[in-house]
Protein chains: 2
Amino acid sequence: MDTLTALNQFREHIQTFVPLTDTEWQVIVPYLEVSVLKKKKNFVEPGKVCNQIGLVVKGSVRFFHVKDGEEITGYFCFENEFISSYKSFLTRQPAINYIQALEDSILVTLNYNNTQQLYADDLVGHKMERIYRLVAEHYLICYEDRVTSFITQSPEERYNKLLETGGEVLQRIPQHYVANFLGITPVSLSRIRRRIMKISA
Amino acid sequence: MDTLTALNQFREHIQTFVPLTDTEWQVIVPYLEVSVLKKKKNFVEPGKVCNQIGLVVKGSVRFFHVKDGEEITGYFCFENEFISSYKSFLTRQPAINYIQALEDSILVTLNYNNTQQLYADDLVGHKMERIYRLVAEHYLICYEDRVTSFITQSPEERYNKLLETGGEVLQRIPQHYVANFLGITPVSLSRIRRRIMKISA
DNA sequence: CCAAATTCTTATCTTAAGTTAACGTTTTGA
DNA sequence: TCAAAACGTTAACTTAAGATAAGAATTTGG
């Protein structure tokens, strides 16, 4: 995928929720960067400030923590999803997590300074605020659902829900990542899967 | 507390993260409403679309779900915090939760239509987008932390962290609400408390 | 002011998840 | 291509949490 295709895909994605004129797009483009993130390479690392918000235009990434030497997966992102260690990006504090490519991936990124400049721009500032308001609101809803599932559902219920709705995650992601995404161990997920198989068999 | 005091407190709070000129404030004020929410009264109910974002200027509220006849508490909000069932507010779908006053409370609210009108206003639209972008980002960070705690910490670790940082919640809130905020049962929290007492004794 | 409801703790029992380890299979990369 | 690493399942054991119930202390509302 070339740079132009990546940028166009970024524009297309933005336009699914905020229309952009060609004039506005021409203002925004110079602030964007296209970058390749090879499998296993980090977009964010603990101890470093996350300086970008990226849109995955190709590939997939995994967000995870390391605790007691163990990797604990928070979530995954696929094509047309924004990634960032938001807390770090927004507060300018060092991140406490990794964001790492699961496959060779292509990202369109906007760094912190450029973001602030675009917010301050007379022509596109209002629209950029809107875009990133909507992005934040979108992920706010995702997290709201996630927290709800943790307090109202058992691990088995969470897995069943994922079976219904999260097809992509389950097909593209190793099971032990899915397990700690669900808040459980791989062993435990394996047991849940067996239980479900027996019921449906 | 009278209406004027409530509105001024709203303005003061907004100005902690976005400055407002008097002119801008005069544009915004007519869209705001001040409302009293008596203890145990609902700000949001399942099945109804949440039509407001509110700022708690006095009192406190509790966000909870009802599952199998049981109330499961998601979180609490105190003075100078925004409340809404964001998913419902943003998507215009019926809410699936309650938001209920824990004490007699006063809220400054902005309803959905007024929010959209303010976003579209030439004078304050840009700033309103910014304000609600920052609000969404703030709560996004809160939820990010919350999810992180669920996947990386045990209930006991979560409670210890709450002891360190969440003084207000622990002083003003019945323990069984805190328990399901932590994702555990009241009985389980009681056991954790005993364990901690023994260690520190 | 007092009865009813709520809250918290404790105990018992049950159930589910964590831990560790072993084993076969698949994937990876040198 | 082939050895090493990663992955998923299973088993045995340990640990912690859920469910239920009872009882004491506190709070609430009429």
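Computed from a prediction, not measured in an experiment: that's the story for all the values here. Chain letters run A, B, ... following the sequence lines, proteins first and then strands; every chain starts at 1.
Between the side chain of B:Arg191 and the base of D:dG18, a donor-acceptor pair under 3.5 Å is found.
As rounded to whole Å, 17 Å separates atom C1' of D:dG18 from atom CD1 of A:Ile184. Per the geometry, CD1 belonging to A:Ile196 stands 14 Å off C1' belonging to C:dA16, to the nearest Å. Rounding to whole angstrom units, CD of residue B:Glu71 and C1' of C:dA5 are separated by 14 Å. For the pair B:Ile151 CD1 and C:dA17 P, the computed distance is 18 Å after rounding to whole Å. Nucleotide C:dA16 holds its P atom 10 Å from the CD1 atom of A:Ile192, rounded to whole Å. Taking atom CD1 on B:Ile173 and atom C1' on C:dT7, their separation rounds to 14 Å, with Å as the unit. The CD-C1' distance, from A:Gln175 to D:dT9, rounds to 9 Å in whole Å. We find that CG of B:Asn180 is positioned 14 Å from C1' of C:dT7, with the value rounded to whole Å.
Closest to the A:His176 side chain, of the nucleotides D:dC7, C:dT7, D:dG18, is D:dC7. Considering only side-chain atoms of B:Pro174, the nucleotide from D:dA17, C:dC8, D:dA11 that sits closest is C:dC8. Residue B:Thr185 has its side chain nearest to D:dG18 when only D:dG18, D:dT9, C:dA17 are considered.
Between the side chains of A:Arg62 and A:Thr73, at least one donor N or O sits under 3.5 Å from an acceptor N or O. There is a side-chain donor-acceptor pair under 3.5 Å between A:Asn42 and A:Gln100. For the residue pair B:Tyr159 and B:Arg193, a side-chain donor N or O sits within less than 3.5 Å of a side-chain acceptor on the partner. For the residue pair A:Glu103 and A:Ser60, a side-chain donor N or O sits within less than 3.5 Å of a side-chain acceptor on the partner.
The local environment of NZ in A:Lys127 is crowded, with over 12 non-hydrogen atoms from other residues, nucleotides or ligands closer than 6.0 Å.
In this structure, A:Leu189 reaches neither bases nor backbone, as no heavy-atom distance under 4.0 Å exists between it and the strands shown. When heavy atoms are screened at a 4.0 angstrom cut-off, B:Ser190 is found touching base atoms of the nucleic acid.
In this structure, B:Lys87 does not pair ionically with A:Glu144, as no charged nitrogen and carboxylate oxygen lie closer than 4.0 Å.
Looking at which nucleotide of DNA chain D each of A:Tyr177 and B:Lys40 is closest to, the 5′-most match is held by A:Tyr177. Residues A:Lys39 and A:Val187 each lie close to DNA chain C; by heavy-atom proximity, the contact nearer the 5' end of the strand is made by A:Val187.
When every heavy atom of B:Ala101 is checked against every heavy atom of B:Lys38, the shortest pair comes out as CB-O, 3.4 Å.
Between the two ends of the helix from C:dC1-D:dG30 to C:dA30-D:dT1, each summarised by a five-pair axis, the helix axis turns through 60° (rounded to 10 degrees).
Checking the phosphate oxygens (OP1, OP2) of D:dA17, a side-chain nitrogen or oxygen of B:Arg195 falls inside 4.0 Å.
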